[in-house]
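To start, the structure itself, in structure tokens.
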Amino acid sequence: MSYKFEKMTQKEAEEIAYGWHYDGEYAFYNMEADKEDLAEFLDPQFRGETVFTALKEEAVAGFFSISRSDDGVCEIGLGMRPDLTGNGKGTDFLKDGLSFVINQFKPNKITLSVAAFNQRAIKVYMKNGFTAIDKFMQDTNGGTYEFLRMEYNVE
């Protein structure tokens, strides 16, 4: 595994929330775009034991949040540092993150939701075993956006 996952510190949360800025349509993912999401991400109580920093060569490269339900399904959220996106690094990041989730949380299924416009991420998810299960509309970032729910069956 080339990424190391550790419980996110407050300093790391602040670095991600205020220091990561994506270009173009991907600015949708800037933490400051949604005040409620920003407040939750910065709250150590809310992050608890379920938000992890992905470190590569001791530098913050991304994060994974994991929510495990009673039926053995883990819902994940993830993000990569802006300068690492769009250049073929997503597959390794995703694979290492999935391995971490599977080893730590022992799910039978992993789900995630992704903005429907984000074809770059959707291609990475599909290439690595996720399938689309449905679409839904969600209020966020001052508007209503279409999202795709995807799942990965753990074998």
Side-chain angles (χ1 to χ4, degrees), residues 1-17 20 22 26 28-56 60-81 84-85 89-155:
M1 188 174 337
S2 60
Y3 291 89
K4 181 171 69 170
F5 294 86
E6 297 179 349
K7 182 181 166 196
M8 185 176 286
T9 67
Q10 187 63 25
K11 181 181 176 196
E12 292 164 342
E14 291 172 10
E15 174 186 334
I16 292 166
W20 288 14
Y22 299 90
Y26 298 103
F28 174 87
Y29 291 106
N30 292 344
M31 288 282 179
E32 295 162 303
D34 187 299
K35 300 301 179 199
E36 186 176 309
D37 289 347
L38 174 65
E40 289 175 353
F41 194 78
L42 291 173
D43 182 351
Q45 298 270 341
F46 187 83
R47 286 193 318 273
E49 303 290 325
T50 64
V51 180
F52 299 87
T53 305
L55 301 166
K56 184 155 183 136
V60 176
F63 67 89
F64 267 73
S65 65
I66 299 106
S67 174
R68 190 171 198 283
S69 64
D70 291 337
D71 62 356
V73 176
C74 282
E75 170 91 21
I76 63 171
L78 60 143
M80 278 185 79
R81 199 174 69 221
L84 300 177
T85 62
K89 297 181 179 180
T91 292
D92 288 341
F93 176 69
L94 179 63
K95 283 182 177 180
D96 284 2
L98 290 175
S99 292
F100 172 75
V101 171
I102 291 165
N103 289 332
Q104 292 295 310
F105 295 89
K106 313 287 189 242
N108 54 41
K109 190 180 296 183
I110 298 172
T111 62
L112 60 79
S113 296
V114 58
F117 78 82
N118 192 348
Q119 290 301 306
R120 186 169 71 186
I122 292 167
K123 285 178 187 172
V124 172
Y125 300 145
M126 293 184 89
K127 185 169 93 172
N128 288 283
F130 279 85
T131 57
I133 53 176
D134 67 1
K135 291 182 178 181
F136 64 96
M137 301 302 288
Q138 181 171 322
D139 294 334
T140 187
N141 297 14
T144 303
Y145 300 91
E146 184 177 49
F147 281 78
L148 181 64
R149 186 172 293 118
M150 304 182 81
E151 73 177 16
Y152 176 90
N153 287 308
V154 179
E155 301 175 84

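With hydrogens and angles disregarded, no donor-acceptor distance shorter than 3.5 Å links the side chain of D71 to the backbone of N108. Distance alone, capped at 3.5 Å, places no donor-acceptor pair between the N30 side chain and the E32 backbone.
In summary, the side chains of E12 and T53 do present a donor paired with an acceptor at a separation below 3.5 Å, with no hydrogens or angles considered. S2 and D96 form a side-chain donor-acceptor contact under 3.5 Å, judged by distance and modelled atom types alone. Side-chain N/O atoms of S67 and E75 include no donor and acceptor closer than 3.5 Å.
Looking at V73, N153, L98 one by one, the single match for side chain to side chain contact (heavy atoms under 4.5 Å, CB included) with I110 turns out to be L98.
Atom CD of E15 is separated from atom CE of M31 by 12.0 Å, given to the nearest 0.5 angstrom. Note that CG of N128 is 4.5 Å distant from OG1 of T91, once rounded to the nearest 0.5 Å.
At least one side-chain heavy atom of S65 sits under 4.5 Å from a side-chain heavy atom of V51.
Minimum heavy-atom separation, P107 to V101: CD-O, 3.6 Å. Closest approach of V154 and K109 over heavy atoms only: CG2-N, 4.1 Å. Shown here for F105 and C74, the closest heavy-atom pair between the two residues is CB-SG, 3.7 Å. The two atoms that bring Y3 and A54 nearest to each other are CD2-CB, 4.3 Å, heavy atoms only.
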Which pairs of donor and acceptor atoms, one on a side chain in residues 141-152, lie under 3.5 Å apart (sequence neighbours left out)?
unit_1 : atom_1 : unit_2 : atom_2 : d
N141   : ND2    : F28    : O      : 2.7
T144   : OG1    : D139   : OD1    : 2.5
R149   : NH1    : D134   : OD1    : 2.9
R149   : NH1    : D134   : OD2    : 2.8

Donor-acceptor pairs under 3.5 Å, side chain of residues 117-126 to any protein atom, not counting sequence neighbours: which ones?
unit_1 : atom_1 : unit_2 : atom_2 : d
N118   : OD1    : A121   : N      : 3.1
N118   : ND2    : Y29    : OH     : 3.1
Q119   : NE2    : A116   : O      : 3.0

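Remark: aromatic rings of F41 and F46 are distant, center separation not under 6.0 Å.
Residues that satisfy the side chain to side chain contact (heavy atoms under 4.5 Å, CB included) test with A39, not counting sequence neighbours, are absent from this structure. Residues that satisfy the ring pair (Phe, Tyr, Trp, His ring centres under 6.0 Å) test with Y22, not counting sequence neighbours, are absent from this structure. Checked against ring pair (Phe, Tyr, Trp, His ring centres under 6.0 Å), F52 has the following partners two or more places apart in sequence or in another chain: F100.
Within the structure, salt bridge (Lys or Arg N to Asp or Glu O under 4.0 Å) contacts touching residues 37-56 (residues at least two apart or in different chains) are K7-E49.
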